[in-house]
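Encoded as structure tokens, the structure appears first; notes follow it.
Quick caveat: nothing in here was measured; it's all calculated off a predicted structure. Basis for what follows: all heavy atoms, side chains included, without hydrogens, waters or symmetry-related copies. Quick note on labels: first sequence line is chain A, next is B, and so on, each numbered from 1.
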2 protein chains.
Amino acid sequence: MEPMTARASIRQQLQRVREEAIVVAVNRLLATKGYDAMTVDEVAAEAGMAKASLYKLFTSKEELAGAAMVAALERALDFVDGLRAEAARSDGAIDSLSQLKAVTRWAMLSQLEGEMPALPSQNSSLSASLQANDAYMDKLIALSNKLGIWIADAQARGKLNPALPAELLLYTLFARACDPVVGMLKASGQYTNKQILDWVESATFNGLAAR
Amino acid sequence: MEPMTARASIRQQLQRVREEAIVVAVNRLLATKGYDAMTVDEVAAEAGMAKASLYKLFTSKEELAGAAMVAALERALDFVDGLRAEAARSDGAIDSLSQLKAVTRWAMLSQLEGEMPALPSQNSSLSASLQANDAYMDKLIALSNKLGIWIADAQARGKLNPALPAELLLYTLFARACDPVVGMLKASGQYTNKQILDWVESATFNGLAAR
DNA sequence: GTCTATATCAAGATAGAC
DNA sequence: GTCTATCTTGATATAGAC
């Protein structure tokens, strides 16, 4: 009996490694080309296996995208939790606005490095399947809740504009994670990543108008 | 000879009407579903003709999209020219920042009404063909130049943040025309169009942070 | 369990009748 | 000039050998 479970465990680990390779490939392709332009052939090639093998682990292209989106949300949640832990250690020296700015910068940097899968534009066939994906929805709601707490706090303290609905603030932060402006500035090739992040952060929180 | 030219002119007008019906249909579909999800069958159905007839007037799906994008840029240029005329009449009472805000609101309202075709996300097969489309590029550059003049003026007068590169300001205004936040707020169904426009305009120019 | 080869299908594009 | 019917292609998904 021991050998059997050991063998099973090894198999599971191998399978897990292959699954992760696939998810990484999907993530990169979603970030660079988007869902529609991504083909399953490309995913298989990049993950180093035949397409049929891939379909043993994931039953559809939509499921592939779902797994990559879940992984991206997990990274975001990890980052947010890291910030919370840091803030707890710093004993109140880090306010919620700084944390929101840090998440925004992290998301934009991920985009610049080709690691942030693009949000499904509404009406895509993808968005329907994502909304039916429990793992995805759970993570999305968890992330929204954690950001929502910071937003409410920042508004209550007068750091974020209290006249704006919290919903708009949340959506805007999500939108920055796949803001085309970031990619356009990078494509122009004249600026460093730090400049781009500083400017877009400034534009997001302080606005385009002079203060 | 007269009858022939008269007949030809009538034919041309009929053709033109049909072309416009097609462009309107493409525009609506691009605004609601995006390029990839839009099918030529849908376009033909919505324009009220067979697909083969449509292909007599436009040689490819990419050309369809190009024509719709050109029409959208022409609407934007018309609106901008209208603002310039108005400002000329008002004798300096309307400053460039107000004009930029007005264009932004107009673009977002067009989006809310399903009349603003979505910008091609980079790396799309569409963006390559658009960059090879002279009519499109001419209008795009013309619009960028006119907005660029307002931007430079507003920065020189200290109305727009002079620390931000003009390129970022321009890209940001274009991005607002297809900002997913606008659609998400509308989808929530709780807000009027005016509220949405006011809030997103405020977020864009004044920032999310309290002033 | 993995791969080669193939089925299936949707969508862009066209032929040919009228 | 317009339409019906068809071609063609590219991509998702699967069958079956090993």
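For the pair A/E62/A/S125, a side-chain contact is recorded, criterion being any heavy-atom separation below 4.5 Å from C-beta on. The shortest distance between side-chain heavy atoms of B/E74 and B/V70 falls below 4.5 Å. Side-chain contact between A/L140 and A/L130: absent, with no pair of heavy atoms (C-beta onward) separated by less than 4.5 Å.
Remark: B/E42 engages B/K33 in a salt bridge, criterion side-chain N to carboxylate O under 4.0 Å.
The distance between atom CZ of B/R16 and atom P of D/dG1, rounded to the nearest whole Å, is 17 Å. Regarding A/L54, its CG atom lies at a distance of 11 Å from the C1' atom of D/dA13, rounded to whole Å. A straight line from CD of A/E63 to P of D/dT12 spans 15 Å, rounded to a whole angstrom. One atom, CZ of A/F58, and another, P of D/dT14, lie 15 Å apart when rounded to the nearest Å.
B/T104 and B/R176 share no donor-acceptor pair across their side chains, judged by distance under 3.5 Å alone.
Sorted by residue number, the members of residues 43-50 of chain B with any non-hydrogen atom under 4.0 Å from DNA chain D read B/M49, B/A50. Taken residue by residue, residues 18-32 of chain B places no heavy atom nearer than 4.0 Å to DNA chain C.
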Nucleotide-resolved protein contact map, nucleotides 11-18 of chain C, B/S/- at heavy-atom distance under 4.0 Å: SBBBB---
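Every residue two or more places apart in sequence or in another chain that forms a side-chain hydrogen bond (donor to acceptor under 3.5 Å, both in side chains) with B/E46 is listed here: B/R28. In this structure A/R84 satisfies the side-chain hydrogen bond (donor to acceptor under 3.5 Å, both in side chains) test with no other residue, sequence neighbours excluded.
Here the CG atom belonging to B/L169 is positioned 5.0 Å from the CD atom belonging to B/Q155, to the nearest 0.5 angstrom.
Although no hydrogens or angles enter the test, the distance criterion places a donor-acceptor pair under 3.5 Å between the side chain of A/S110 and the main chain of A/W106.
Pairs passing the ring pair (Phe, Tyr, Trp, His ring centres under 6.0 Å) check and including a residue from residues 21-75 of chain B, sequence neighbours excluded, do not occur.
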